[in-house]
Protein chains: 2
Amino acid sequence: MAHLQNRPGPGQGRRRASHSMESVLTEAVALLDEAGAPALTFRALAQRLGGGVASIYWYVANKEELLDRATDHVIGTVLAEIEALPGSDDPIDDLRAMAVTLFDAILDRPWLGAYFMRNTDVQGNSLRLYEKLGRQTLRLDLNALQRFHAVSAVVGVVVGSAVDMGQEPPEEVLDGSVNRDEYLGRYAQTWRELDPEAYPFVHEIVDEFDGHDDVDQFRSALDLTLAGLRLQSGA
Amino acid sequence: MAHLQNRPGPGQGRRRASHSMESVLTEAVALLDEAGAPALTFRALAQRLGGGVASIYWYVANKEELLDRATDHVIGTVLAEIEALPGSDDPIDDLRAMAVTLFDAILDRPWLGAYFMRNTDVQGNSLRLYEKLGRQTLRLDLNALQRFHAVSAVVGVVVGSAVDMGQEPPEEVLDGSVNRDEYLGRYAQTWRELDPEAYPFVHEIVDEFDGHDDVDQFRSALDLTLAGLRLQSGA
DNA sequence: ACCTGAACACCGTTCAAGT
DNA sequence: ACCTGAACACCGTTCAAGT
């Protein structure tokens with residue numbers, strides 16, 4: 001029976017599994033990409049890795065750390081994109097390009113919105129990304145406090161927009177029985193039925209809300225912040 | 001034994017409990033205030049209400065709705081504060097005062113940051129708050145799309161800052177064995193140990209980060225957005 | 001050093017039944 | 001109309017034991 005150790009037949013049970021931090025994170029990210037945050041459970045992850053649940057605890061102390069590391073892992077690819085950006089003679093334009101790159105990554109992976117920048121204490125790619133953004137402010141005529149606040153503000157705009165978008169759409173949208181436009185349309189309809197005297201603003205913007213693009217919303221929030229920053233820096 | 005129905009003695013078991021939407025939400029908020037989002041479970045809530053878990057499902061369809069309604073419930077008090085604001089001849093100043101009021105409420109209740117404005121489809125106080133903010137933009141020389149984007153941007157700044165703050169601080173801070181300044185200080189220390197060549201920005205701002213105030217951070221992010229808005233509105 | 005199975009102490013949600 | 005107890009199908013986490 002010794003041969004079973006090196007050549008297990010089908011249905012004979014598998015060998016002792018062997019993982020690595022890399023494979024744990026790759027599979028965790030795959031799970032998140034395929035079905036969002038609720039899909040990432042230790043049991044589901046263990047099954048994908050072909051091992052037992054408890055073995056994951058050799059790599060991470062708990063679920064929070066798993067999420068932090070998975071997030072930092074994908075921020076690594078975002079960082080690479082940001083480093084590949086051409087760069088210009090305008091630091092504010094460069095800041096905008098970086099923020100847009102980051103936002104695009106969140107559009108691809110909505111679960112990212114809820115976790116990135118939650119703790120830089122992992123010290124990895126999130127911190128490097130923060131540094132990259134901040135370095136642009138070194139080119140502006142600002143003091144250290146203004147620079148700190150400027151980067152916080154830009155990250156805040158990304159997070160604020162991402163959180164707004166990261167909400168799971170209702171299942172009718174997910175399962176494709178109702179598309180996003182229809183969904184927004186229905187929503188807009190309930191707004192149109194509100195009393196115009198009591199809700200003048202809602203009526204003013206309901207047609208803009210109907211069919212709106214999240215990217216436009218993000219871009220203009222970012223542009224307002226950057227316009228304020230430009231003013232502050234006197235450039 | 002018939003008297004047991006109207007006068008149950010101590011330790012004899014309680015009468016059939018009777019709730020109301022109001023009491024369900026009040027106790028839910030109390031739980032959230034006392035120990036944050038993880039403390040709000042159906043079992044804990046049922047115990048506070050003196051009844052069984054399943055009865056809560058007569059008032060809400062699921063936990064998401066419970067959280068939505070609890071959030072909207074406290075937004076009601078924020079709305080009242082906002083309506084009590086004096087108001088000025090500058091719509092942008094009024095917008096700022098409203099956003100600050102909202103942010104202060106989140107400082108008092110950190111759990112709020114993660115849930116408010118997540119769905120206005122509850123139609124209640126969140127929508128009224130949105131209307132209140134938006135009405136200020138009607139006083140500005142903007143088109144409907146710009147108004148829609150302006151309010152989204154302001155809400156985004158609040159949410160972005162709130163999320164950043166809403167993170168549970170490490171338990172050493174919660175249990176008081178380490179205060180916030182010490183915690184920030186340790187954190188800053190690890191930044192100071194980074195290579196200054198590789199992390200010039202981090203070194204530039206580390207002293208600002210050390211001991212920084214979340215309110216200042218929020219205020220300056222808000223001011224950048226509002227400065228951009230003022231520029232756009234030509235006021 | 002790294003993996004396993006089984007257990008523990010929770011969750012949200014459902015349901016048939018009671019009042 | 002509103003509440004109950006008990007069950008179901010999950011969770012994250014631990015631990016003694018294996019290799």
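Below, all heavy atoms of this structure are taken into account, side chains as well, without hydrogens, waters or symmetry copies. Computed from a predicted model, the values in this text were never measured in an experiment. In the text below, chain A, chain B and the rest are named by the order of the sequence lines, each starting its count at 1.
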Convert the base pairs of DNA chain D into dot-bracket notation, remembering that pairs crossing earlier ones are written with [ ] and that bases paired across to another strand are shown as |; include only Watson-Crick or G-U pairs under 3.5 Å. ||.|||||...|||||.||

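Salt-bridge formation is detected for the pair A:R48/A:E34: a Lys NZ or Arg NE/NH1/NH2 atom is positioned less than 4.0 Å from an Asp or Glu carboxylate oxygen.
Nearest heavy-atom pair, B:A39 versus B:A44, reported as atom, atom and distance to 0.1 Å: O-CB, 3.8 Å.
Backbone-only engagement by B:L40 is indicated by non-hydrogen atom pairs under 4.0 Å involving sugar-phosphate atoms exclusively.
Across A:V74, A:V78, A:D214, A:V158, a single residue satisfies side-chain contact (heavy atoms from CB on, under 4.5 Å) together with A:I106, and that is A:V158.
Remark: C1' of C:dC11 and CD of B:Q47 are 15 Å apart, rounded to the nearest angstrom. Distance, A:R43 CZ to C:dA7 P: 13 Å, rounded to whole Å. Per the geometry, CG belonging to A:L66 stands 14 Å off P belonging to D:dC11, to the nearest Å. Atom CZ of B:R16 and atom P of D:dA1 are 13 Å apart (whole Å).
With contacts defined as side-chain heavy-atom distances shorter than 4.5 Å, the pair A:E81/A:L85 does not qualify. The side-chain heavy atoms of A:F218 and A:L222, taken from C-beta on, include a pair separated by under 4.5 Å.
A heavy-atom distance below 4.0 Å to DNA chain D is reached by these residues of residues 54-65 of chain B, ordered by number: B:A54, B:S55, B:W58, B:Y59.
Ring pair A:W191/B:Y130 is tilted by interplanar angle, where 30° to 60° counts as tilted. Note on ring orientation: taking the six-membered ring where Trp is involved, the planes of B:W111 and B:Y115 are tilted (angle from 30° to 60°).
When only modelled atom types and interatomic distance are considered, B:S20 and B:S23 share a side-chain donor-acceptor pair under 3.5 Å.
The nearest heavy atom of DNA chain D to B:H19 and to A:F42 marks one nucleotide each, and the one closer to the 5' end goes with B:H19. Two residues, B:S20 and A:A44, neighbour DNA chain D, and the one matched to the more 5' nucleotide by heavy-atom proximity is B:S20.
Closest approach to the B:S18 side chain among D:dT13, D:dC3, C:dT13 is made by D:dC3 (side chain taken as heavy atoms from C-beta onward).
Side chain of A:Q217 to backbone of A:H212: no donor-acceptor contact under 3.5 angstrom is found.
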